[in-house]
Amino acid sequence: MNKFTIVHLSDPQLSAANGPQYNQQLPPAAKLQRIFDDIMAHDLQPDLIVISGDLLTAGTSRDYAKLRDYLATQSDRLQAPIQVILGDQDDREAFNLGYLGEPHQPYYAYKQVYQNMDFYFLDSKWEPNKEAGWLDREQLDWLNKNLHLAPRRRAFLFLHHPLDAPALRGMRYALLQNNRELLAILHGHNIGGIFAGHLHFGANYLVDTTIPVTTVASASTYIDCQDPHHHEVHDATSYNVITIQRGMASITNHPLYLGQSVIDTIDITNTGFAKHRPRLTNPRRAGNGLPLI
């Protein structure tokens, strides 16, 4: 199998006109452009670029349409497809209408095949105003079905919200809430890795004893979460390069900037899992509204 290179970035949080503004050295759009310029300057020649959620903050359908056109330009420039998924700060309806041109999609999950490898892009956005992640029963069923259709092919998953781990115990309020259901589906399959964002800092760990999980630091800010109840936000820009060869993935971090001053603080009261979660019974009709690409 030939070497396959993926540029993974997350949480660009491009600011709409009415969105919140940090006191950043560079606006989020300039930071995102800096990443694309760095990819070009170092001749990384990625086969795929993935932006794993929190594309826009307070974005409208017009903002998502502009983002789609911008990413198409960058894709042509870098000669690599750019895949996106949704994060908690994204507006689903605005994304559906402006980016997809398909309103009223319940979620945006899809599969791509590259070099006999399956790549799954999952939609872990829960409800509006919820930071935590959730995978709908219908989406889990779709994933389960597709994994069984190609049991021997190496599979890699991208989603916005990371899975639980001992080192992230103080972050459970922000993680994927139905970890067990996802791991039950992945168990026994040929999973090469899970890649996420959301935390605004990098992390590497194993789930289900064998599946590696990597979270990429943010394209827009770094959040210091050492104090689980008081987080400090710094100006930052970073991305990862994932190199897959013979089904094995290795990851290198490419930090471009880290500001020393604190530009915002976030106070957290309850660090545990969400108390009120939807039930996974009574799934909707399979395939309803799910775009398969």
Side-chain angles (χ1 to χ4, degrees), residues 5-15 20-57 67 70-71 74-75 77-78 80 82-90 131 156 158-163 165 167-168 171 174-175 193-205 212-226 231-244 249-266:
T5 302
I6 305 170
V7 166
H8 179 206
L9 61 121
S10 192
D11 302 81
Q13 296 183 337
L14 302 175
S15 298
Q21 303 289 329
Y22 286 135
N23 182 25
Q24 302 182 49
Q25 182 191 46
L26 291 174
K31 292 178 182 176
L32 181 58
Q33 185 61 55
R34 185 172 180 179
I35 291 176
F36 290 136
D37 291 345
D38 194 70
I39 295 169
M40 177 68 75
H42 290 89
D43 196 26
L44 296 180
Q45 298 183 4
D47 299 288
L48 175 66
I49 300 170
V50 180
I51 307 178
S52 56
D54 279 5
L55 308 172
L56 285 159
T57 301
L67 175 63
Y70 168 74
L71 293 182
Q74 297 303 316
S75 177
R77 177 187 176 216
L78 297 170
I82 299 178
Q83 305 292 351
V84 302
I85 52 181
L86 294 182
D88 56 288
Q89 293 195 26
D90 286 302
E131 183 174 357
F156 297 89
F158 287 86
L159 72 166
H160 183 66
H161 293 85
L163 280 69
L168 301 179
M171 301 290 298
L175 302 179
I194 299 174
F195 304 97
H198 187 52
L199 299 181
H200 289 239
F201 61 83
N204 296 277
Y205 52 96
V213 179
T214 300
T215 69
V216 62
S218 169
S220 57
T221 58
Y222 164 73
I223 302 182
D224 184 344
C225 301
Q226 295 183 78
H231 301 172
E232 296 181 338
V233 182
H234 297 259
D235 201 9
T237 306
S238 183
Y239 69 96
N240 281 359
V241 175
I242 305 166
T243 303
I244 304 174
S250 58
I251 298 96
T252 57
N253 176 237
H254 291 238
L256 300 182
Y257 171 70
L258 176 60
Q260 297 302 307
S261 60
V262 177
I263 61 175
D264 196 14
T265 59
I266 304 171

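Heavy-atom basis, side chains included; hydrogens, waters and symmetry copies ignored.
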Point-to-point distance, once rounded to the nearest 0.5 Å, from CG of Leu32 to CD of Gln74: 7.5 Å
Spatial distance of atom CG (Leu48) from atom CZ (Phe158) [nearest 0.5 Å]: 6.5 Å
Within-4.5 Å side-chain heavy-atom neighbours: Gln45 and Asp43: yes
Non-neighbouring partners of Ala249 that pass side-chain contact (heavy atoms from CB on, under 4.5 Å), sequence neighbours left out: Phe156, Phe195, Ile242, Ile244
Nearest heavy-atom neighbours spanning Ser261 and His234: O-ND1, 3.3 Å
Test side-chain hydrogen bond (donor to acceptor under 3.5 Å, both in side chains) applied to Asp47 - qualifying residues, sequence neighbours left out: none
Closest contact, heavy atoms only, Pro162 versus Gly197: CG-O, 3.4 Å
Short side-chain to backbone donor-acceptor contact, Ser10 and Ser52, under 3.5 Å: yes
Listed partners of Ser238 passing side-chain hydrogen bond (donor to acceptor under 3.5 Å, both in side chains), at least two apart: Asn253
CD1-CD1 distance between Ile35 and Ile39, expressed to the nearest 0.5 angstrom: 7.0 Å
Partners passing ring pair (Phe, Tyr, Trp, His ring centres under 6.0 Å) against His160 (at least two apart in sequence or in another chain): His198
Full working for side-chain contact (heavy atoms from CB on, under 4.5 Å) between Val241 and Thr5: CA-CA 7 Å; Val241 175; Thr5 302; 3.8 Å; yes
Partners meeting side-chain hydrogen bond (donor to acceptor under 3.5 Å, both in side chains) with Asp224 (sequence neighbours left out): Gln226
Spacing of His8 atom NE2 and Thr215 atom OG1 [to the nearest 0.5 Å]: 9.0 Å
Heavy-atom closest pair, residues Ala80 and Ser75: O-OG, 2.6 Å
Ring pair (Phe, Tyr, Trp, His ring centres under 6.0 Å) against His254, all qualifying residues, sequence neighbours excluded: Tyr239
Set of residues satisfying side-chain contact (heavy atoms from CB on, under 4.5 Å) with respect to Ala29, sequence neighbours excluded: Leu14
Which residues share a side-chain hydrogen bond (donor to acceptor under 3.5 Å, both in side chains) with Thr214, sequence neighbours left out: Asn204
Short side-chain to backbone donor-acceptor contact, Asp54 and Asp88, under 3.5 Å: yes
From CG (Leu86) to CG (Leu56), nearest 0.5 Å: 10.5 Å
Qualifying residue for side-chain contact (heavy atoms from CB on, under 4.5 Å) with Ile223, from Val233, Asp264, Leu199: Val233
Short side-chain to backbone donor-acceptor contact, Thr237 and Tyr257, under 3.5 Å: no
Ser218: side-chain contact (heavy atoms from CB on, under 4.5 Å) partners, not counting sequence neighbours: Asp11, His200, Ser220, Thr221
Non-neighbouring partners of Ser250 that pass side-chain contact (heavy atoms from CB on, under 4.5 Å), sequence neighbours left out: Thr243
Atom pair CD1/CD of Ile263 and Glu232 - distance to nearest 0.5 Å: 11.5 Å
Salt bridge (Lys or Arg N to Asp or Glu O under 4.0 Å) partners of residues 31-40, not counting sequence neighbours, each pair once: Lys31-Asp235, Asp37-Arg77
Donor on one side chain, acceptor on other, Thr57 and Gln13, under 3.5 Å: no
Any Leu9 side-chain heavy atom under 4.5 Å of Ile49 side chain: yes
